[in-house]
Amino acid sequence: MTPLAHLVALPVRAYRLVLSPWVGHGCRYQPTCSAYALEALDKHGAIKGSWLAARRIGRCHPWGGSGYDPVPPKE
């Protein structure tokens, strides 16, 4: 993971540590959005990984999809 991606991942890691136990485990997708964000940042770097994570979070609503949604492979 690039140094910038490590910085961008800090809020995701904080969410997983602090807020996730309070919110519950009712995620629509597999892997969860936070795991998806960390994997996207690791595979694609800070800019594209952030974009992929934001798109995934944007799809997470009552009328959105569900199921298995892996991080796309690096081109």
Side-chain angles (χ1 to χ4, degrees):
M1 195 179 292
T2 65
L4 185 57
H6 274 290
L7 265 164
V8 173
L10 285 176
V12 177
R13 292 182 197 279
Y15 164 79
R16 291 182 80 167
L17 182 67
V18 177
L19 293 177
S20 183
W22 293 90
V23 174
H25 301 286
C27 198
R28 306 175 61 81
Y29 289 105
Q30 184 63 26
T32 63
C33 291
S34 58
Y36 182 95
L38 291 174
E39 187 178 346
L41 289 167
D42 187 39
K43 277 187 179 179
H44 296 283
I47 304 299
K48 187 170 182 182
S50 296
W51 170 247
L52 290 169
R55 280 186 43 214
R56 168 69 176 274
I57 292 169
R59 290 192 308 260
C60 192
H61 55 79
W63 303 281
S66 62
Y68 182 64
D69 181 26
V71 175
K74 193 170 184 175
E75 297 174 354

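All values below come from the heavy atoms of this structure, side chains included, with hydrogens, waters and symmetry mates left out.
Judged by distance alone, with hydrogens and angles left aside, the side-chain atoms of His44 form a donor-acceptor pair with the main-chain N or O of Pro72 at under 3.5 Å. Remark: the backbone N or O of Tyr36 is not paired with any side-chain donor or acceptor of Arg56 at under 3.5 angstrom.
Across Met1 and Leu38, no two heavy atoms sit closer than the pair CE-O, 4.0 Å. Closest approach of Tyr68 to Pro31, counting heavy atoms only: CE1-CD, 4.4 Å. Annotation for Cys33 and Cys27: closest pair N-SG, 3.9 Å, computed over non-hydrogen atoms. When all heavy atoms of Ala53 and Ala37 are compared, the closest pair comes out as CB-CB, 3.7 Å. For the residue pair Ala46 and Val8, the shortest heavy atom distance occurs at CB-CG2, 4.1 Å.
Summarising the local packing, CG of Leu4 is surrounded by more than 12 heavy atoms from other residues, nucleotides or ligands at distances under 6.0 Å.
Exactly one of Arg28, Arg59, Gln30 qualifies for a side chain to side chain contact (heavy atoms under 4.5 Å, CB included) with Asp69. That residue is Arg59.
Using a 4.5 Å cut-off on side-chain heavy atoms (C-beta onward), Lys43 and Leu52 make no contact.
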